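In what follows, a single structure is set out as structure tokens and then discussed.
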Amino acid sequence: MDRETMRTRLLHALATIAPESSGSPLNDKASLQDQLDLDSVDMLNYVIQVQKDFHMEIPNNEYRKFLTLEDAITYLQKIPGMEMQV
Amino acid sequence: MFEFKMPSLGADMENGTLVLWHVKPGDTVKRGDIIADVETDKGVIEVEVWEPGTISELLIEPGRKIAVGTVMALLQSEKEPVEKIAEAPQPQVSVGPEREHRLRVSPLARKRAAERGLDLALIHGTGPYGAITVEDVEKAPTAREAAPAPDKSAAMRQAIAQSMARSKREIPHYYLQTEINLQKAIGWLEGFNQNRSLSERVLPAALFIKATAKACQKVPEMNGYWMDGNFHPSTAVHVGLAISLRQGGLVGPALHHVESLGLPDIMKGMLDLVARARSGKLRSSEISDPTITITNLGEQGVETVFGVIYPPQVALLGFGRITPRPWADQNMLGVMPCVSLTLSADHRASDGHRGGLFLNHIKHFLEDPESLEEAPHGS
């Protein structure tokens, strides 16, 4: 899975829990909570959706890697086998 | 036979629009099954049926706006022998003279209407015997040019305005505030979450909700409704969670029976409730059932919140931001993560003394977090 596909899938997971965020321009390096007015429940729902969409388990202590799109993509790129996923 | 009526889905709700039915004549339903979607000022709500039965007749067509209390459907109760439900007659085209005239359309007018995307049934004909002419079709507005779609966010704002104005007009509020040291709770939560997956992670808000439910059982004057000049306590604790909608507006749906839920189930319920509130899929019982409400504005950076009670409830709790504060304990000064907790309460149902006891109970539960981890009843 290339970087662009990862980004698209992350945005899809975001749109599932924050439908009004679809189509909003986002700064990949800025906090998603600040840009989309998400609270901790929204963020947890988002990361749980990412687990489903990427077919993976995210450890509790890696939760904060998903606060920005950039950090999430960097984390996903390091997962063995993630680049081979379609 | 019993009637299913349009329920009230909010303190000031007067009417709603039926969006669609989830059932048809002949279907059997049990308590809690969703029977219809109704659009209100607070969005589309899934309406549940309260008694089991078999659908006999649906009396309202989708798209109709009806007042609260209007009979929407007839059901046969489980105790009655089920009669063979006649198949709904196929809709027939009216053969009255007005309808016949409306169907008179010249081929050119029909072609032009198709090009413009217009429904011929909605065009007034000015030709002989009310025939629809090309000129009639050219003059007819398209759907976009017709009355603009109602501004839903303005409607929700209006509903909130009415409810809050009523609250301030009718409820003699009193306010109390206390500080809670969350050092133990946060440390305990880190240990609790350590061996759990992300899907099972418990947030501090779940502790606040559970502590509230336990305190309601100690001070029942905070948990129930003020109606008909009297306080009606509730044995169940259905905690309303104030959820702000990013597109504007506020809803306070209930997490049911928190008194018998463990922390993991409270978390699961909260995640589900917030997700459905955001996508406009709440159920009627969630809108009408809260017995007390919590508002948590800490993540917006607010330290203390004095809220407005949602009628007919009699109390609202406000949690602020968890922030490090100087804390004196046994003549020693330290820095502890603290939260400001406020109570807005109805002076008709309780006095400050009882309100103070209520806050103290919540404080003790949060300062002894193991007391919040109890197995649900019956397990």
Side-chain angles (χ1 to χ4, degrees), chain A residues 6 9-27 30-69 71-76 78-80 82, chain B residues 43-44 152-153 156 186 189-209 241-251 253 255 264 266-281 294-302 319-322:
Chain A
M6 283 182 190
R9 287 220 188 150
L10 287 170
L11 291 177
H12 178 263
L14 257 181
T16 305
I17 58 103
E20 69 289 344
S21 71
S22 288
S24 304
L26 290 174
N27 178 343
S31 154
L32 287 169
Q33 286 186 271
D34 291 343
Q35 294 182 85
L36 299 174
D37 192 19
L38 304 178
D39 60 22
S40 56
V41 173
D42 296 320
M43 283 306 295
L44 190 49
N45 269 330
Y46 160 57
V47 183
I48 290 171
Q49 188 64 41
V50 168
Q51 285 191 142
K52 286 184 195 155
D53 291 354
F54 286 82
H55 311 290
M56 60 185 285
E57 193 82 23
I58 298 169
N60 240 314
N61 57 355
E62 302 286 19
Y63 167 72
R64 301 197 75 78
K65 298 273 166 60
F66 288 81
L67 299 183
T68 71
L69 285 174
D71 287 349
I73 292 169
T74 304
Y75 175 78
L76 290 169
K78 291 182 184 159
I79 305 273
M82 185 57 67
Chain B
V44 177
K152 288 181 186 175
S153 136
M156 180 179 287
I186 288 174
L189 210 49
E190 275 168 19
F192 187 90
N193 283 328
Q194 203 164 17
N195 297 322
R196 285 179 158 74
S197 69
L198 200 70
S199 317
E200 297 163 329
R201 184 185 180 96
V202 171
L203 297 175
L207 302 184
F208 298 163
I209 294 166
L241 306 182
I243 300 169
S244 73
L245 303 176
R246 280 179 292 270
Q247 59 271 37
L250 184 66
V251 287
L255 200 52
I266 290 173
M267 258 321 285
K268 220 162 132 190
M270 182 168 62
L271 292 178
D272 175 57
L273 208 53
V274 170
R276 283 191 290 109
R278 298 253 185 265
S279 51
K281 293 194 172 92
I294 290 177
T295 180
N296 188 348
L297 293 178
E299 295 191 45
Q300 283 70 41
V302 170
F319 286 89
R321 187 163 56 109
I322 300 174

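Just so we're clear, the structure is a prediction, and the values are computed from it rather than from any experiment. Below, chains carry the letters A, B, ... as their sequence lines are ordered, and counting in each starts from 1.
For the pair R278(B) and D37(A), the salt-bridge criterion is not met [side-chain N within less than 4.0 Å of a carboxylate O].
Put simply, the side chain of Q35(A) gets close to the backbone of N27(A): a donor and an acceptor are under 3.5 Å apart. For E299(B) (side chain) and S40(A) (main-chain N/O), a donor-acceptor pair under 3.5 Å exists by modelled atom type. With N60(A) contributing its side chain and N193(B) its backbone, the two residues share a donor-acceptor pair below 3.5 Å.
Per-residue counts of heavy-atom pairs under 4.5 Å with chain B were compared for D42(A), N61(A), L36(A); the largest is that of D42(A). Of the residues considered (R201(B), Q300(B), E200(B), M267(B)), R201(B) shows the highest number of contacts with chain A, using heavy-atom pairs under 4.5 Å. In terms of non-hydrogen atom pairs under 4.5 Å with chain B, the most contact-rich of V41(A), L38(A), I58(A) is V41(A).
Contact annotation for L203(B): only side-chain heavy atoms (C-beta onward) come within less than 4.5 Å of a heavy atom of chain A. In this structure, the portion of I17(A) lying under 4.5 Å from any heavy atom of chain B is its backbone and not its side chain.
Remark: E62(A) engages K65(A) in a salt bridge (Lys or Arg N to Asp or Glu O under 4.0 Å) (not counting sequence neighbours).
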